[in-house]
Amino acid sequence: MIIQKTGPLHGELTIPGDKSISHRAVMFGALAEGDTRITHFLTGADCLSTIACLKAMGISMEQNADEVIVHGKGLHGLSAPARTLDAGNSGTTIRLLSGILCGQDFDSMITGDASICKRPMKRIISPLLSMHADIRSKRGNNCAPLVIRGRALKGIRYQSPVSSAQVKSCVLLAGLYADSPVTVIEPVLSRNHTEIMLASLGADIQSEGTAVTIQPSPALKAQDIVVPGDISSAAYFIAAALLTPGSEILLRNVGTNPTRDGFLRVCSAMDASIERLNETTSGEPSCDLLVKSSPLKGTTVEGSIIPTLIDELPMIAVMACFAEGTTVIRDAKELRVKESDRIAVMTENLQKMGADITATEDGMIINGGKPLHGAVVESHFDHRVAMSLAIAGGLCEGELNIRGTECVNISFPGFFTDLASLH
Ligand code: S3P
C-alpha cells in the first residue's frame, strides 16, 4: 500500500471493540452457564480464531455484525475437538485456551500460524506443569504446536518472571479446574481484564497489589458484556491527530482501564492535548477522547508503565520521531517476542525513512525532530507495525510503500476506511 502525506484530521469515530476483552468474552461465555450477549465484539481475525476454536469444541454462537450470542455450556461442557485447534496469529487464543484445555477430561492439540509457532510457550508450559498438567511442545522446542492431555490439576502459587496478562490468565483459567487456590504474582501488574470479567461471572477471585488469587470454581454464571473501544486501536488515530497540525477528533467510548491507559499518560508527558469526556467507571472504565494537534516533546518510557502500553510502543516510536528532543524506551524486552520482533522491525523501518533511531536490548532511543521521507518498508505481517507505519506515512515527505498491510485485519479490519473518514 502506498501512503502519502495527508492534511488535518477532523470528525468523530467509534473505535472497534477491545481485542483482549472480546477474546475473554467469548471464552468465558462458553464456560459460563446460560447465554452471553456480547455487544461491540471485535470481529478481527484474532477474535474469530477464538470463536472457531470454541465452536470446534461444541459451543454454538450466533453472530450478527458486532453482536455475538454465546450459548454457554458450563465449566465442564466443552467437547473434544475433532481436529487440531488453530489459534491463527493470536497469542491470547493459544495461551488462554491452553490453560482451559489442561483441565478438561479430553486430549487436544493447539497450534497457529508461522508467527505463533515461533513465539515462546515455555512461559505457560512451566507453570502448567507445576499444576500437574500434561502439556508439551510437539517439536520439543517450547513452541506450538502444543499437545495437551486433560487431567486433574493442582493449585499453585506462581511467581511469574514476566508481566504478561496472557500467562497470568492462562494460569488463572487452569485454576478454575484446580483442587486448591491458584495465585499468580507478577513483577508489575499487567492488564486485568480476566480478573474483572471472571469476578463479574461469579468466580471467587481477589487481587492484592500484583498478586491475584482464584479459588477453584463450581460454576460461572452468564452475564451480558458490553465491550469498550480498544485503546490500542485508538492510539493510531490519536497519534495522527496529535502530529498533524490543525487536527481535532473525537473518539467515542474508548476503554481506559488503568492497566491499559499508559499510552494516554505518555501522550500527556509529551505535552499532548487529550481531554477525557463522559467517563464511566464501573467494570471496565471508558470515556470519549477529544484530541487536538499538539507539538510533542520527547520523554522516557520505562518501568511499571510498560505493560500498560506494550502494544502501543510501535506507535510511540513513530511519535518520538516527530517530537522535539530524545525519547528513550526501556524495560520493554517483551517487544522482541510479539507478532514480530518489534524493536528490530520498527528500528529498521524507521531508519529507512530517515529517522535517528537506535535499537537497544530492551527498547529504542529516538532523537526526534528530523523530517522523515518515503521508503519501501515491511510490516513483517505484524498488524501493529503496519498501522504504525501507515500513520508515519501520512506524516512524511514523499511516498511510503508498506509491504503487507492485509494483516491490519488481525485487530482492526476497518482501519484504512476509518482513517480515510477523518480526512
Ligand atoms: C494480551 C496481552 C498482551 C498483549 C496482547 C494481548 C491479552 O500480551 O501484548 O496483545 O489479551 O492478554 P502479553 O500477555 O504477552 O504481554
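Side chains are part of it too, since the values below use all heavy atoms of this structure and drop only hydrogens, waters and symmetry mates. Residues: numbered from 1 along the sequence shown. Atoms within each ligand, like the ligands themselves, are counted from 1 in listed order.
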[X] heavy atoms, cut-off 4.0 Å: which ligand 1 atoms fall inside?
X	answer
Ile310	9 (O)
Asp311	4 (C), 5 (C), 9 (O), 10 (O)
Ala165	12 (O), 14 (O)
Thr92	1 (C), 6 (C), 7 (C), 11 (O)
Ser20	1 (C), 6 (C), 7 (C), 11 (O)

Inset, instruction - Do me a favour and list the nearest non-hydrogen protein atom to atom 16 (O) of ligand 1 with residue, atom name and distance? - result: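 Here the closest protein heavy atom is Lys338 NZ, 3.1 Å.
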Inset, instruction - Would you mind checking which non-hydrogen protein atom is closest to atom 12 (O) of ligand 1, with the distance to 0.1 Å? - result: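 Result: Arg24 NH2, 2.7 Å.
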Legend entry - Salt bridge present between Asp107 and Arg149 (N-O < 4.0 angstrom):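 Salt bridge present between Asp107 and Arg149.
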Legend entry - Cationic N near anionic O, under 4.0 Å, Asp230 to Lys19: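 Not counted as a salt bridge, because no side-chain N and carboxylate O are separated by less than 4.0 Å.
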Inset, instruction - Give a yes/no on ligand 1: does His193 have at least one heavy atom closer than 4.0 angstrom to it? - result: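 Under 4.0 Å: no for His193.
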Inset, instruction - Determine whether any heavy atom of Arg191 lies closer than 4.0 Å to an atom of ligand 1. - result: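 Flag set, Arg191 near ligand 1.
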Inset, instruction - Name all residues meeting the salt bridge (Lys or Arg N to Asp or Glu O under 4.0 Å) criterion together with Arg336; count only those two or more places apart in sequence or in a different chain, and write none if there are none. - result: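 In terms of salt bridge (Lys or Arg N to Asp or Glu O under 4.0 Å), with neighbours along the sequence ignored, Arg336 is linked to Asp341.
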Inset, instruction - Anything under 30° is parallel, anything over 60° is perpendicular, the rest tilted; go ahead and classify Phe412 against Phe237. - result: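 Perpendicular.
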Inset, instruction - Examine the side chains of Arg95 and Ser169 and answer whether a donor and an acceptor come within less than 3.5 Å of each other. - result: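 No, no side-chain donor-acceptor contact under 3.5 Å.
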Legend entry - Asn192: side-chain hydrogen bond (donor to acceptor under 3.5 Å, both in side chains) partners, not counting sequence neighbours: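 Partners of Asn192 by the side-chain hydrogen bond (donor to acceptor under 3.5 Å, both in side chains) criterion, ordered by chain and then number, come out as Asn257, Thr259.
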